[in-house]
Structure formats: C-alpha cells, structure tokens
Amino acid sequence: TAARVAVGTVAKALVKQALGIEIVSHVVELGSVAAKPGLAPRPEDAERVDADPLRCLDPEASARMVAEVDAAKADADTLGGIVEVLAYGVPPGLGSHVHWDRKLDARLAAALMSIQSVKGVEIGDGFTQARSRGSVAHDEIIPTASGVRRVTDRAGGLEGGITTGEPLRVKAAMKPISSL
C-alpha cells in the first residue's frame, strides 16, 4: 500500500506540473456518518484534509466518523464509505462524446470500479439527479468575462463524456471488508 501512495503522490505532482491540474480527495461518508453536503476541498485545503485522521473536510463529521470506527472495531466489524476526488484546472474538451472507449466519464468509472472494494461510482450529482426532475437536473450556462460558466456544477465537470472546464467531481462507494 505504501507503494501505491508513493505512485499516487508522484502522479499528482506530474499532473500538476505538466498540466496545471490539482487533485484533492476526501472522505464524504463513512458508515452511517456523512459530511455536510456541498463541502468540497479546494487545493489550498489539501493539508487540512491530510491532517484529519479520516481525511474528512468536515471536522464535526470526522469526529462522528471516528466514533463510528471505534464502535465497529469494538464489535469486530468493518465499515464502508464514500470518497470524493476533485480535479481543479481541467481544461474543457477532454474526452469524446462519440466513441464509447474515449468518453472520459466511462474511463474514470472503469478505473474506479477496477478497485476491488469499489461498488459504485458517481460523477457530479448523478445519484441526486436520478431522483430529480429534468427541470432541476441540468446546469445553467451563463456568459462571463472569462468565458461561459455554469451556475451550478451538478454534472461534475463532465457532459456527454467531455470535460466542461468546471472542477471534475467523482465519488467512489467502497463496501466494507466482508471477511471478518
């Protein structure tokens, strides 16, 4: 596992240096405890997230998560959770809307699903959108001095398999370890 962490650290540094893309991840749910909705760490929050024992941006939720971990440990049990990965500075236009094997959302989902314990992937607010009406599911696009922007980022920086220029947001749901 130390080798994976080292490779990940090198990859993050390379992506930042070569492309200007900054990647931050954090735990948004652990067991039955969830961080406040809408909390998304920015690159400048990375040290604070790394300093948290469970890599949670929400300190109150983190304390409850620690208690949940302690309770599961006392019961000789395990917990699952949800992690979110955010990429800032991703240029618009990466991916493809035509070719299934070049759609960036499909490639990200496949990469995350290839992790043994990951059982679900959400891009943007995908699961929330599934429970919404179409009239509230899409991102309004407005013109600004620096180009077009989205008022919201429900799509998670990806539309039709292509990046929009907004921060890329992907969540992975990990099952608890079942072999106790």
Side-chain angles (χ1 to χ4, degrees), residues 1-16 21-43 45-88 90 94-95 100-131 153-158 161 163 167-180:
T1 331
R4 285 189 213 165
V5 172
V7 169
T9 301
V10 169
K12 275 177 61 172
L14 180 64
V15 168
K16 182 178 179 181
I21 297 171
E22 295 189 75
I23 300 170
V24 185
S25 62
H26 65 129
V27 174
V28 294
E29 291 186 38
L30 185 64
S32 64
V33 180
K36 290 180 198 125
L39 283 181
R42 308 251 338 137
D45 298 319
E47 284 185 31
R48 188 166 65 120
V49 170
D50 288 342
D52 184 86
L54 294 176
R55 304 196 76 257
C56 181
L57 184 63
D58 180 352
E60 291 128 18
S62 179
R64 292 192 319 273
M65 288 176 185
V66 168
E68 185 101 348
V69 168
D70 292 342
K73 184 177 178 181
D75 292 339
D77 214 339
T78 61
L79 300 169
I82 298 175
V83 297
E84 181 176 49
V85 179
L86 297 105
Y88 294 91
V90 178
L94 297 179
W100 68 270
D101 59 336
R102 295 184 197 159
K103 291 180 61 136
L104 189 55
D105 46 6
R107 295 183 81 163
L108 289 169
L112 289 169
M113 289 298 291
S114 72
I115 298 169
Q116 194 68 9
S117 59
V118 171
K119 294 298 176 187
V121 173
E122 178 181 31
I123 296 174
D125 297 339
F127 294 126
T128 301
Q129 287 183 340
R131 299 179 199 103
D153 186 23
R154 294 181 186 108
L158 278 162
T163 57
L168 192 59
R169 290 187 303 118
V170 182
K171 291 180 185 171
M174 302 180 81
K175 72 177 184 120
I177 296 169
S178 55
S179 55
L180 298 176

Enumerate the residue pairs fulfilling salt bridge (Lys or Arg N to Asp or Glu O under 4.0 Å) with a member in residues 23-39, sequence neighbours excluded, ordered by first and then second residue. Lys36-Asp58, Lys36-Glu60

Atom CG of Leu14 and atom CD1 of Ile21: how far apart are they, to the nearest 0.5 Å? 10.5 Å

How close do Pro43 and Val24 get, heavy atom to heavy atom, and via which atoms? CA-CG2, 3.6 Å

Heavy atoms only: give me the nearest Leu57-Ala40 pair and the separation to one decimal. CD2-C, 3.8 Å

Can you name the nearest heavy-atom pair linking Val33 to Ala61, along with the distance? CG1-O, 3.6 Å

What pair of heavy atoms forms the shortest contact from Ala35 to Met65, and how long is it? N-CE, 4.2 Å

Has the side chain of Asp45 got a donor or acceptor atom that lies under 3.5 Å from a matching backbone atom of Val49? no

How close do Val85 and Ser25 get, counting heavy atoms only, and between which atoms? CG2-CB, 4.0 Å

Please answer whether the main-chain N or O of Ile177 pairs with a side-chain N or O of Thr78 as donor and acceptor at a distance below 3.5 Å. yes

Thr163 side-chain N/O to Leu94 backbone N/O, donor-acceptor pair under 3.5 Å: yes

Who passes salt bridge (charged side-chain N to carboxylate O under 4.0 Å, His left out) against Arg64, sequence neighbours left out? none

Full working for side-chain contact (heavy atoms from CB on, under 4.5 Å) between Arg169 and Asp125: CA-CA 9 Å; Arg169 290 187 303 118; Asp125 297 339; 3.0 Å; yes

Shortest non-hydrogen contact from Val27 to Leu54? CG2-O, 3.0 Å

